[in-house]
Chemist: 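Pasting a structure below so you can have a look.
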Amino acid sequence: MPKLHIYKNEKETCYAFAEWLANLVKETLTKQDRFTIALSGGDTPKLVYKILATDYATSIDWTRIHLFWGDQSFISSPDEKYNPTLGLKNLIDDLPVSKNHVHSIRTDVSPQDSATEYENLLRTYFTEPESTFDLVILGMGEQGNLLSLYPFSEESHHAGSWVMPVYDKQDDLYKVTLTISAINASAVKAFLITGKKKEDVVQQVLKGKYEPEKAPAQLIVAANKPVHWFLDEGSAGKLIKPSY
Ligand SMILES: O=C1O[C@H](COP(=O)(O)O)[C@@H](O)[C@H](O)[C@H]1O
């Protein structure tokens with residue numbers, strides 16, 4: 001069941017998301033010792049990470065936060081312009097989180113070895129076989145991918161392992177990504193999607209026919225809990241406009 005949180009623009013959406021995340025962390029940390037987040041890649045969450053690093057630098061207990069990457073591209077360029085993950089990494093470096101609480105996906109080994117190593121890391125970190133992150137932040141690409149799980153790809157329907165290597169045909173590069181199993185085993189799932197260019201994919205997932213091959217985000221479920229969708233009026237355009 002989706003729970004929609006729709007805001008006027010990207011800025012308002014990101015501020016609201018940061019506030020919601022901070023409250024979730026605070027509430028959860030009254031019941032447990034640590035809070036573990038899987039981060040989305042891409043450009044959209046960058047503002048949220050900036051807001052967290054500044055406005056929430058002291059109000060969140062960062063010593064009890066652990067960060068994992070949701071996916072990672074195998075791009076070696078040292079230039080942020082060509083290497084989006086690098087830009088994100090720089091922002092994560094600004095968060096007041098202990099460096100040994102930031103768990104990255106290696107890119108200095110083969111995608112297969114990197115995926116195996118990340119899977120082992122997760123299996124050691126999470127002691128319950130059916131339970132992963134306290135929060136997974138998810139974006140969606142214009143192609144309809146969530147993390148690096150693409151429409152009509154085998155990996156999007158793979159059950160069992162939590163991590164997989166993926167070849168992204170469109171961008172001609174390898175990626176390592178969490179799987180639907182890892183995402184669905186997390187306590188809270190939240191999409192953060194902004195911009196008019198995403199309104200079709202958002203509509204397809206939330207209002208279209210159930211066709212998970214075409215829209216793998218439809219595979220994200222939360223038993224007895226909502227899947228959160230933080231959208232701006234651009235990305236939610238086709239949900240909020242009357243259809244004639
Ligand atoms: O390819 C990817 O894109 C999506 C969306 O990125 P954005 O720049 O439009 O926010 C991202 O969520 C995913 O992690 C990444 O691999």
Side-chain angles (χ1 to χ4, degrees), residues 7 9-14 17-18 21 37-52 67-77 79-92 102-107 111 114-115 118 133 135-153 155-156 158 162-180 182-183 186 189-206 215-220 227-232 234-237:
Y7 301 89
N9 51 38
E10 182 184 10
K11 190 172 165 195
E12 282 186 20
T13 311
C14 289
F17 187 86
L21 184 153
I37 308 176
L39 301 168
S40 168
D43 289 329
T44 313
K46 286 182 178 172
L47 179 56
V48 170
Y49 302 148
K50 266 190 199 153
I51 296 166
L52 289 172
L67 302 175
F68 284 79
W69 294 96
D71 67 342
Q72 168 76 59
S73 300
F74 279 62
I75 302 175
S76 55
S77 170
D79 185 338
E80 229 183 77
K81 199 166 115 200
Y82 303 105
N83 187 344
T85 313
L86 192 69
L88 210 54
K89 190 188 164 303
N90 292 341
L91 282 175
I92 301 305
V102 179
H103 309 274
S104 315
I105 299 176
R106 286 180 67 178
T107 54
S114 171
Y118 203 53
F133 307 95
L135 169 66
V136 174
I137 303 174
L138 297 163
M140 223 170 33
E142 282 171 69
Q143 300 178 61
N145 56 300
L146 73 148
L147 299 178
S148 295
L149 298 165
Y150 289 85
F152 304 109
S153 72
E155 292 86 0
S156 300
H158 177 87
W162 284 346
V163 184
M164 287 209 76
V166 168
Y167 176 64
D168 172 0
K169 290 189 200 92
Q170 179 154 317
D171 291 338
D172 183 26
L173 54 89
Y174 284 94
K175 293 176 163 189
V176 165
T177 184
L178 295 177
T179 60
I180 297 286
I183 300 168
S186 70
K189 296 102 177 158
F191 284 88
L192 172 70
I193 303 172
T194 59
K196 196 150 185 59
K197 59 189 180 180
K198 305 274 179 77
E199 67 176 359
D200 287 327
V201 283
V202 168
Q203 184 203 30
Q204 191 179 22
V205 174
L206 292 174
Q218 289 179 333
L219 294 166
I220 302 305
V227 175
H228 296 272
W229 287 76
F230 283 79
L231 306 168
D232 67 348
S235 59

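It should be emphasised that the depicted structure is a prediction, and the values quoted were computed from it without experimental measurement. For the numbers below, each heavy atom of this structure counts, side chains included, while hydrogens, waters and symmetry mates do not. When a ligand or atom number is given, it counts from 1 through the structure's own listing order.
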Chemist: Answer yes or no: does an N/O atom from P45 fall short of 3.5 Å to an N/O atom of ligand 1?
Modeler: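 Not met; the criterion fails.
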Chemist: Using a 4.0 Å cut-off to any heavy atom of S148, which atoms of ligand 1 qualify?
Modeler: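 So the answer, numbered in order with elements, is 16 (O).
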Chemist: Taking the inter-plane angle between the rings of Y7 and F230 on a 0 to 90° scale, is it parallel (under 30°), tilted (30 to 60°) or perpendicular (over 60°)?
Modeler: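 Parallel.
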Chemist: Please state which protein non-hydrogen atom is closest to atom 9 (O) of ligand 1 and give its distance, to 0.1 Å?
Modeler: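 Of every protein heavy atom, K198 NZ, 2.7 Å lies nearest to atom 9 (O) of ligand 1.
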Chemist: Nearest to atom 8 (O) of ligand 1, what protein heavy atom do you find, and at what distance?
Modeler: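 Nearest protein contact, heavy atoms only, for atom 8 (O) of ligand 1 is D43 N, 2.7 Å.
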Chemist: To the nearest 0.1 Å, how far is atom 6 (O) of ligand 1 from its closest protein heavy atom, and which atom is that?
Modeler: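 In this structure, atom 6 (O) of ligand 1 has G42 CA, 3.5 Å as its nearest protein heavy atom.
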Chemist: For a side-chain contact (heavy atoms from CB on, under 4.5 Å) with L147, tell me which candidate from I137, L39, L138 qualifies.
Modeler: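 Per the side-chain contact (heavy atoms from CB on, under 4.5 Å) rule, the option paired with L147 is L138, out of I137, L39, L138.
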Chemist: Where is the nearest protein heavy atom to atom 16 (O) of ligand 1: which residue, which atom, and how far?
Modeler: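 Closest protein heavy atom to atom 16 (O) of ligand 1: D71 OD2, 2.5 Å.
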Chemist: In the protein, what heavy atom is nearest to atom 12 (O) of ligand 1, and what distance, to one decimal place, separates them?
Modeler: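 Protein heavy atom at minimum distance: S40 OG, 3.3 Å.
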Chemist: Considering only heavy atoms, does T177 approach ligand 1 within less than 4.0 Å through its side chain, its backbone, both, or neither?
Modeler: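 Neither; nothing of T177 gets under 4.0 Å from ligand 1.
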Chemist: Which residue supplies the protein heavy atom nearest to atom 2 (C) of ligand 1, what is that atom called, and how far is it?
Modeler: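 Going by distance alone, atom 2 (C) of ligand 1 is nearest to N145 ND2, 3.5 Å.
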Chemist: Is the side chain of T107 donor-acceptor paired with the backbone N or O of F74 at a distance under 3.5 Å, no angle test?
Modeler: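 Flag not set: sc T107 to bb F74 has no pair under 3.5 Å.
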Chemist: Provide the number and element of each atom of ligand 1 under 4.0 Å from a heavy atom of G141.
Modeler: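 The list of qualifying atoms is 4 (C), 5 (C).
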Chemist: Would you please classify the geometry between the Y174 ring and the Y167 ring as parallel, tilted or perpendicular, with 30° and 60° separating the classes?
Modeler: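 Ring orientation, 0 to 90° scale: tilted.
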Chemist: Between K196 and G237, is there a donor-acceptor pair closer than 3.5 Å when you use the side chain of the first and the backbone of the second?
Modeler: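 Side chain of K196 to backbone of G237, a donor-acceptor pair under 3.5 Å: no, none is there.
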Chemist: How long is the straight-line distance from NZ of K50 back to CG of L52, given to the nearest 0.5 Å?
Modeler: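 One finds 12.5 Å between CG of L52 and NZ of K50.
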Chemist: Going by the order shown, which atoms of ligand 1 are within less than 4.0 Å of some heavy atom of T44?
Modeler: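 Taking each heavy atom of T44 in turn, ligand 1 has 7 (P), 9 (O), 10 (O) under 4.0 Å.
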Chemist: Drop me the distance from Q218's CD to L146's CG, to the nearest 0.5 angstrom.
Modeler: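 So the CD of Q218 and the CG of L146 are separated by 11.0 Å.
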Chemist: Just verifying a value: how many Å separate L178 CG and S40 OG, rounded to the nearest 0.5 Å?
Modeler: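 So the CG of L178 and the OG of S40 are separated by 10.5 Å.
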Chemist: Which ligand 1 atoms does G41 reach within 4.0 Å, using its non-hydrogen atoms?
Modeler: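 Going through ligand 1 atom by atom, the ones under 4.0 Å from G41 are 11 (C), 12 (O), 14 (O).
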Chemist: What atoms of ligand 1 come within less than 4.0 Å of a heavy atom belonging to K175?
Modeler: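 By the 4.0 Å cutoff, the relevant atoms are 1 (O), 16 (O).
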Chemist: To the nearest 0.5 Å, tell me how far M164 CE sits from H158 NE2.
Modeler: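 Nearest 0.5 Å value for the CE-NE2 distance: 4.5 Å.
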